[in-house]
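Below: one structure, written as structure tokens.
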Amino acid sequence: MDGSSSARAEILRGIAGAPGVAIGTAVVMGSARNTYPRRHIHDDEAAAELVRFGEAVERVRQNLREMTDRLGDKPSEAAILEAYAAMVGDEVLLEGVRKQIHIEKRCAEWAVVAACADIARRIAAVDDPYLRERSHDVEFVGERVLRALMSAAGVDATIPKLSGRSVLIGHDLSPADTAGLVTEPVVAFVTEMGTRTSHTSIMARALEIPAVVGVTDALARIASGDIIIVDGLRGVVIVDPTPEQLDDAKSRSERYTAFSRELQESRDRPPATLDGTRITLRANVELPAEAILARDYGAEGIGLYRTEFLYIDRLSPPNEDEQFEVFRAVVEAIRPRPVVLRTFDIGGDKFVSTFQLPPEMNPMLGLRAIRLALSRPEVFMEQLRAMLRASAYGDVRIMIPMVASLTELRETKRLLEQARAQVKARGQPMAEHIPLGVMIEVPSAALMVDKFAQEAAFLSLGTNDLIQYALAVDRTARNLAYLASPFDPSILRLVSSVVRAGMLYNCPVSICGAAASDPLCATLLLGLGLRDFSMESAAIPEIKEAFRRVKISEAEAMAEEALACTTADEVEHCVAGVLATKFYDLLTGER
Ligand code: PEP
Ligand code: MG
């Protein structure tokens with residue numbers, strides 16, 4: 001940071017993945033691929049190259065084992081690393097490398113890259129999403145072996161050796177990369193892939209470091225050693241900043257830290273509106289480790305546990321006992337507060353490596369979530385039994401995703417009863433009564449909500465999907481994101497009718513979509529009658545503070561006005577008009 005006036009000050013824009021502002025030195029991941037030696041070898045060198053390869057494989061395995069040990073109480077991340085460790089020794093990879101060394105006469109580094117490229121090519125030729133996932137894994141494992149080979153010190157780390165305040169730059173950061181960062185001096189992430197709900201963003205928020213994701217040309221514009229500013233509040237990255245930009249970033253970072261500390265201090269204050277109406281704020285979690293974080297942020301339980309994260313990056317689904325142990329740990333960490341365990345929502349844009357799904361033209365409209373679960377009852381029953389067994393250790397509620405018809409709810413009830421009988425027959429303990437709720441995230445379910453409210457124990461609005469399906473906008477399409485607005489009047493009407501049905505039939509209604517973590521949108525939802533919100537833990541202090549500043553009558557009047565609007569822009573304008581000044585600091589992270 002020499003403060004020279006010839007700074008490049010290049011501004012890259014992406015998506016604000018995790019809040020905060022950090023300054024650090026860029027460490028570009030995956031660059032080994034561009035710099036590895038390409039050398040033809042003599043016949044008499046082949047044996048030595050194979051030995052080097054074997055040693056590198058052993059080092060990678062050892063390193064993955066050490067990372068697994070370091071993770072200790074994080075079983076799902078550990079399972080990912082174990083799966084990678086198994087793949088390092090994969091026969092197909094070994095055979096490919098042997099061929100490259102002996103027949104093509106290439107040095108070990110070149111042999112690894114060529115063998116991996118060959119495997120990836122063969123996998124890509126097969127039109128199977130399961131195998132496509134594996135090609136990603138092959139790439140990951142190959143990169144790691146390559147780094148081990150290239151490392152002069154003979155040490156392979158998950159990431160290059162870090163010293164000082166480092167900002168990791170990658171095309172994508174795998175769960176194994178981020179899990180390995182727990183003890184490293186990493187101050188921020190920047191990735192080319194990803195959205196606010198992608199794994200990198202979730203992990204950055206869990207580690208409480210800023211992240212900007214979806215920076216499409218990050219690897220082309222940032223080199224290792226560059227000083228960069230990562231602004232996770234605005235979704236901006238500045239490469240080689242000017243002294244003024246550095247000063248500004250430092251003070252913004254300090255302001256944000258002070259501001260979030262202040263919000264954190266309100267942790268033990270019960271959430272309520274200005275006029276004293278009590279609200280419930282719960283946490284959405286993806287990884288078991290986040291349960292502790294949820295408690296630290298003052299969550300009154302877990303309103304959405306996305307159990308599909310237990311199935312990612314592994315070759316076979318987790319069995320009943322494995323899932324039971326994870327659920328029990330989460331339930332015990334949160335009790336006496338409730339934990340809503342959502343049955344796996346796999347398919348669509350979610351990871352599929354443990355299921356061999358047929359190729360689909362429209363995966364979002366395909367074999368996803370409850371549809372997949374009901375089509376694989378043996379896998380579904382393992383999960384249901386694990387959930388039932390966890391209920392002996394705290395307040396467990398079960399929720400099913402992407403329900404489109406009452407048949408799916410009734411069929412799940414039937415399977416749940418069967419699972420209960422099986423657990424009981426084994427003499428294993430479980431709670432007498434376990435509520436079974438449904439997510440309202442498909443328009444058909446929202447339209448039939450009066451019936452669902454009479455048959456389900458509770459309803460939870462999944463606005464991420466409800467918006468996608470009601471407005472016909474792919475939730476992963478960055479270029480259409482402007483159309484997927486939670487402020488769209490059609491969405492407000494759907495939400496309002498769900499809330500009214502809940503009241504009429506005395507069925508609790510909550511919301512767990514990302515709309516709940518936006519101060520403006522959450523206040524609008526409050527005005528529409530919602531009192532029970534679930535969101536990423538880090539958003540809880542902010543939403544609590546937002547609610548403390550409004551009266552219910554004020555939010556209701558605003559919601560009434562919004563319901564009469566004709567477009568999303570009009571609604572947003574109406575809401576901002578009422579709240580922008582009141583929420584200025586919450587919206588900008590500044591005083
Ligand atoms: C939703 O769709 O709003 C939701 C909470 O579920 P997910 O984001 O996991 O699909
Ligand atoms: Mg959903």
Side-chain angles (χ1 to χ4, degrees), residues 15 17 194-203 205 281-287 290 294 299 301-312 339-352 362-373 383 397-404 408 437-446 449 452 458-477 481 484-488 490-492 494-495 498-499 509-518 521-522 525 528 530 532-537 539-540 543:
I15 296 166
T195 62
R196 249 183 76 70
T197 49
S198 64
H199 189 90
T200 311
S201 304
I202 290 165
M203 206 61 180
R205 291 197 291 270
L281 300 184
R282 297 205 171 102
N284 291 355
V285 303
E286 281 78 22
L287 306 171
E290 287 179 290
I302 290 175
L304 168 63
Y305 180 8
R306 293 182 165 104
T307 64
E308 56 270 17
F309 276 76
L310 290 171
Y311 294 72
I312 67 165
V339 175
V340 178
L341 298 173
R342 181 177 74 179
T343 62
F344 60 79
D345 180 0
I346 295 171
D349 66 323
K350 311 256 175 121
F351 312 86
V352 292
N362 290 304
M364 292 287 196
L365 305 179
L367 192 60
R368 183 189 156 186
I370 190 61
R371 297 173 186 177
L372 177 61
Q383 182 168 64
R397 303 167 192 187
I398 299 177
M399 177 160 81
I400 38 180
M402 213 201 161
V403 173
E408 289 160 336
V438 299
M439 289 202 64
I440 301 292
E441 54 181 352
V442 176
S444 61
V449 69
F452 278 104
F458 61 92
L459 308 174
S460 187
L461 280 155
T463 43
N464 305 341
D465 278 310
L466 190 59
I467 292 168
Q468 147 163 285
Y469 295 127
L471 295 172
V473 180
D474 181 338
R475 66 189 268 185
T476 61
S485 171
F487 294 106
D488 196 281
S490 62
I491 304 301
L492 305 189
L494 288 172
V495 169
V498 171
V499 171
V509 177
S510 59
I511 171 164
C512 60
S517 59
D518 173 83
C521 204
L525 294 164
L528 289 172
L530 280 157
D532 194 343
F533 297 73
S534 190
M535 64 201 71
E536 62 201 60
S537 304
I540 291 176
I543 297 300

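Reckoned from all heavy atoms, side chains included, excluding hydrogens, waters and symmetry mates. Read the numbers this way: they start at 1 and go in the same order the structure lists the ligands and their atoms.
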Discussion item. Applying the side-chain contact (heavy atoms from CB on, under 4.5 Å) criterion to Ser534, which one of Leu461, Asn284, Ile540 satisfies it?
Written reply: Asn284
Practice prompt. Locate the shortest heavy-atom distance separating Glu441 from Met402; write the atom from each residue and the value.
Written response: OE2-N, 2.6 Å
Practice prompt. Measure the distances from the heavy atoms of Arg368 to every atom of ligand 1 and state whether one is below 4.0 angstrom.
Written response: yes
Worksheet entry | Partner set under side chain to side chain donor-acceptor pair (under 3.5 Å) for Thr307, not counting sequence neighbours | Gln383
Worksheet item: Under 3.5 Å, is there a donor-acceptor pair between the side chain of Asp518 and the main chain of Cys521?
Response: yes
Worksheet item: Step by step, would you call Val498 with Phe452 a side chain to side chain contact (heavy atoms under 4.5 Å, CB included)?
Response: CA-CA 10 Å; Val498 171; Phe452 278 104; over 6 Å; no
Discussion item. Is it the case that the side chain of Arg342 and the backbone of Glu308 share a donor-acceptor pair, with hydrogens and angles ignored and the cut-off at 3.5 Å?
Written reply: no
Worksheet item: What pairs with Asp532 under salt bridge (charged side-chain N to carboxylate O under 4.0 Å, His left out), at least two apart in sequence or on another chain?
Response: Arg282
Worksheet item: Which option out of Asn464, Ile440, Ile467 puts a heavy atom nearest to atom 1 (C) of ligand 1?
Response: Asn464
Worksheet entry | Per-atom contacts of ligand 1 with Arg306, taking only distances under 4.0 Å to non-hydrogen atoms | 4 (C), 5 (C), 6 (O), 7 (P), 8 (O), 9 (O)
Worksheet item: Of all the heavy atoms in Arg475, does at least one lie under 4.0 Å from an atom in ligand 1?
Response: yes
Worksheet entry | Residue part near ligand 1, for Leu304, under 4.0 Å between non-hydrogen atoms | side chain
Worksheet item: Does Met439 reach ligand 1, in the sense of a heavy atom lying below 4.0 Å from it?
Response: yes
Worksheet item: Any donor-acceptor pair under 3.5 Å linking the side chain of Gln468 with the backbone of Arg475?
Response: yes
Worksheet item: Can an N, O or S atom be found in Asp345 less than 2.8 Å away from the Mg ion (ligand 2)?
Response: no
Practice prompt. Just jot down the ligand 1 atoms closer than 4.0 angstrom to any heavy atom of Cys512, in number order.
Written response: 5 (C)
Item to complete: Using a 4.0 Å heavy-atom threshold (strictly under), name the region of Arg342 that reaches ligand 1: side chain, backbone, both or neither.
Response: side chain
Practice prompt. Could you tell me which atoms of ligand 1, counted from 1 in the order shown, lie closer than 4.0 angstrom to a heavy atom of Asp345?
Written response: 10 (O)
Practice prompt. Quick one: look at Asn284 and ligand 1, take heavy-atom pairs under 4.0 Å, and tell me if it's side chain, backbone, both or neither.
Written response: neither
Worksheet item: Taking the N/O/S atoms of Glu441 one by one, which is nearest to the Mg ion (ligand 2)?
Response: OE1
Discussion item. Testing the basics here: between Ala404 and Val442, what is the closest heavy-atom pair and its distance to 0.1 Å?
Written reply: CB-CG1, 4.0 Å
Worksheet, complete the sentence: Which atom of Asp465 is nearest the Mg ion (ligand 2), counting N, O or S only? It is OD2
Worksheet, complete the sentence: Under 4.0 Å from one or more heavy atoms of Glu441, ligand 1 contributes atoms 1 (C), 2 (O), 6 (O)
